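Okay, so here's the structure we're looking at.
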There are 2 protein chains.
Amino acid sequence: MRASSKKQDILLLAANLFAERGFEAVSMRDLGKALQMTPANLYHHFTDKEQLYRETLVDVFSRVAQVLPKPAKEERPQSYLEHLVSGIIAFMLRDTVFTRLMFRELSSDNHERTAFFVEKALRPVYDSIAKALSLLIRKSAVTSTLDMLVSSIIGYVNMSRFFSLLHRDASYETDCEAITARIMAGLSLHVASLDMK
Amino acid sequence: MRASSKKQDILLLAANLFAERGFEAVSMRDLGKALQMTPANLYHHFTDKEQLYRETLVDVFSRVAQVLPKPAKEERPQSYLEHLVSGIIAFMLRDTVFTRLMFRELSSDNHERTAFFVEKALRPVYDSIAKALSLLIRKSAVTSTLDMLVSSIIGYVNMSRFFSLLHRDASYETDCEAITARIMAGLSLHVASLDMK
DNA sequence: GACAAGTAAACGATCGTTCGGTAAGTTTCC
DNA sequence: GGAAACTTACCGAACGATCGTTTACTTGTC
């Protein structure tokens with residue numbers, strides 16, 4: 001459909017602008033100018049700015065669920081978990097539009113949006129890791145391990161922009177695989193310590 | 001001084017509003033109304049909105065450096081590190097104004113503010129942990145361990161609001177000390193694994 | 001001819017900011 | 001000691017710009 005393609009163009013550009021500047025700092029005129037159309041025309045496709053933003057979030061946040069790898073045939077749980085975590089981290093570092101919008105919503109105070117955002121953006125990540133973890137460790141330890149794991153991932157993705165500024169040692173370079181390796185190393189130590197009990 | 005006390009009143013209230021709604025969503029009229037003064041009067045104390053915001057950040061972010069515990073006499077490095085980490089986490093969970101402003105700046109795109117923010121809010125935390133860590137593990141492992149540790153802390157504080165929404169198991173409750181314990185457990189496993197090499 | 005996609009122009013509201021003025025305190029100077 | 005000069009802290013009113021949005025009208029397409 002022509003219509004939905006045009007709408008998709010709008011959502012794609014809106015995602016970039018909202019990710020870069022935030023909801024309040026992007027005006028309908030900004031969007032119109034960037035799309036080479038009258039701001040009035042945006043109201044032909046969306047009822048108002050809030051709905052445009054909401055649809056943008058739906059559009060962007062749905063990406064993460066599609067990118068989560070399935071376990072390969074007879075893949076060991078530990079190996080699958082590693083693929084999952086490294087896949088999530090790589091996706092978040094790559095898709096800066098997704099990540100910036102996510103962190104903006106994490107800081108937002110709009111309670112209506114929050115619940116929606118949690119289900120759309122966080123839930124798929126959280127549940128997929130939960131499932132993978134539950135094959136690996138005893139059930140009673142899943143939630144706390146999961147929370148730590150998700151915290152590490154979110155924290156690392158959030159902070160990654162700033163580490164190079166913080167390092168006194170300029171030679172130290174961060175890269176995605178090294179991060180994942182470190183997170184996974186921490187996890188496997190944790191798993192091992194659970195086994196010993 | 002009367003003047004600086006009035007200015008401090010403004011900064012205190014501005015911090016709350018900016019933390020809650022963000023820079024763009026708070027108008028000078030909002031501030032004026034909440035302070036029961038004319039917005040024009042704000043320009044007697046500050047040159048413009050940007051400077052008011054900047055001073056607010058300085059004011060709020062300087063809190064963290066004051067709250068970092070010093071090592072007690074003859075305190076073991078491991079024990080001091082634990083105090084440090086738990087102190088930082090407790091502070092961040094308690095001072096929601098600080099934390100919200102911090103995460104807003106973490107998502108911001110204003111490069112001028114970013115460098116300033118990194119030095120004021122992140123640097124004290126980062127360096128204090130770095131120093132404590134360097135007493136505990138070999139130098140070459142400090143940076144990577146540090147980054148993971150800071151990521152975990154920042155990630156956990158950021159996500160803590162959402163875990164209760166994500167948990168299928170409603171009975172599971174998160175509390176600050178349990179979190180710290182888990183982060184420290186992960187760290188001591190890591191330290192132990194370094195020792196073994 | 002009907003319906004989608006687009007425009008120009010304007011609506012009232014709100015934005016950051018400025019201006020001219022006032023009332024109260026502080027300093028200076030005879 | 002007291003008038004004059006100056007400073008500080010505020011106000012009401014307005015500035016031009018921009019905001020989200022609406023209205024009435026045109027264009028293109030099936």
Side-chain angles (χ1 to χ4, degrees), chain A residues 1-60 101 104-105 108-113 116, chain B residues 1-60 101 104-105 108-113 116:
Chain A
M1 295 296 164
R2 178 75 54 84
S4 76
S5 127
K6 192 69 198 172
K7 203 167 173 179
Q8 212 57 35
D9 290 349
I10 298 174
L11 289 177
L12 198 68
L13 189 123
N16 276 277
L17 257 55
F18 284 135
E20 203 177 301
R21 304 183 211 164
F23 178 76
E24 269 92 4
V26 176
S27 73
M28 297 300 266
R29 284 172 178 82
D30 290 338
L31 286 170
K33 183 171 284 183
L35 288 157
Q36 290 174 299
M37 63 169 64
T38 311
N41 191 30
L42 292 168
Y43 289 84
H44 178 71
H45 297 279
F46 305 92
T47 69
D48 58 19
K49 191 188 179 187
E50 174 73 26
Q51 194 230 330
L52 198 170
Y53 184 65
R54 206 68 86 90
E55 283 209 41
T56 302
L57 293 187
V58 173
D59 203 45
V60 172
L101 284 175
R104 286 194 187 280
E105 287 307 301
S108 158
D109 215 36
N110 186 325
H111 290 71
E112 283 183 71
R113 275 189 212 146
F116 153 80
Chain B
M1 297 296 164
R2 179 74 55 84
S4 76
S5 126
K6 193 69 197 172
K7 203 168 173 179
Q8 212 56 36
D9 290 349
I10 297 174
L11 289 177
L12 199 68
L13 189 123
N16 276 278
L17 256 56
F18 284 135
E20 202 176 302
R21 305 182 211 164
F23 178 76
E24 268 92 4
V26 176
S27 73
M28 297 300 265
R29 285 171 178 82
D30 290 338
L31 287 170
K33 184 173 284 184
L35 288 157
Q36 290 174 298
M37 62 169 64
T38 310
N41 191 29
L42 293 168
Y43 287 84
H44 177 70
H45 297 279
F46 306 92
T47 69
D48 57 19
K49 192 188 178 187
E50 174 73 26
Q51 194 229 331
L52 198 170
Y53 184 64
R54 206 69 86 90
E55 283 209 39
T56 302
L57 293 187
V58 174
D59 203 46
V60 172
L101 285 174
R104 287 194 187 279
E105 288 307 301
S108 158
D109 215 36
N110 186 325
H111 291 70
E112 284 183 71
R113 274 188 214 147
F116 153 78

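This one's a predicted model, so the numbers in the text were calculated from it and none came from an experiment. Only this structure's heavy atoms are used, side chains among them; waters, hydrogens and symmetry mates stay out. Below, chain A is the first sequence line, B the second, and so on; all start at residue 1.
The nearest whole Å value for the distance from the NE2 atom in A:H45 to the P atom in D:dT22 is 16 Å. Between the C1' atom of C:dG16 and the CG atom of B:D30 lies a distance of 12 Å, rounded to the nearest Å. A:F46 places its CZ atom 13 Å from the P atom of D:dT21, with the value rounded to the nearest Å. As rounded to whole Å, 14 Å separates atom C1' of D:dT21 from atom CG of A:L31. In this structure, NZ of A:K33 is placed 13 Å from P of C:dA8, rounded to the nearest angstrom. Atom-to-atom, CG of A:L52 to C1' of D:dC19 comes out at 15 Å; the value is rounded to the nearest Å. The distance between atom CD of B:E50 and atom C1' of C:dG16, rounded to the nearest whole Å, is 12 Å. B:K6 places its NZ atom 17 Å from the P atom of C:dA24, with the value rounded to the nearest Å.
Looking at the side chain of A:Y43, the nearest of the listed nucleotides D:dG20, C:dT7, C:dA5 is D:dG20. Nearest nucleotide to the B:N41 side chain, out of C:dC15, D:dA9, C:dA5: D:dA9. Residue B:K49 places its side chain closer to C:dG16 than to any other of C:dT7, D:dT21, C:dG16. Side-chain atoms of A:S27 lie closest to D:dG20 of the nucleotides C:dT7, C:dT17, D:dG20. Ranking C:dG16, C:dT7, D:dA13 by closeness to the B:M28 side chain, first place goes to C:dG16. Nearest to the side-chain atoms of B:R29 among the listed nucleotides C:dA5, D:dT22, C:dC15 stands C:dC15.
One finds no side-chain N or O of B:H44 lying less than 4.0 angstrom from the OP1 or OP2 phosphate oxygen of D:dT7.
Using a 4.0 Å heavy-atom criterion, one finds that B:T38 contacts the bases of the nucleic acid, with or without backbone contacts as well.
Looking at which nucleotide of DNA chain C each of A:P39 and B:A40 is closest to, the 5′-most match is held by A:P39.
Here the shortest heavy-atom pairing between A:L11 and A:L52 reads CD2-O, 4.0 Å.
B:F18 does not carry B:R104 over the face of its six-membered ring by the limits of under 6.0 Å from the centre and within 45° of the normal. Under the 6.0 Å distance and 45° angle rule, B:R113 does not count as a cation-pi partner of B:Y53.
Checked by atom type and distance alone, the side chain of B:S108 pairs as donor or acceptor with a backbone atom of B:N110 at under 3.5 Å.
For the side-chain hydrogen bond (donor to acceptor under 3.5 Å, both in side chains) criterion with B:T47, the lone passing option out of B:K49, B:H45, B:E50, B:Q51 is B:Q51.
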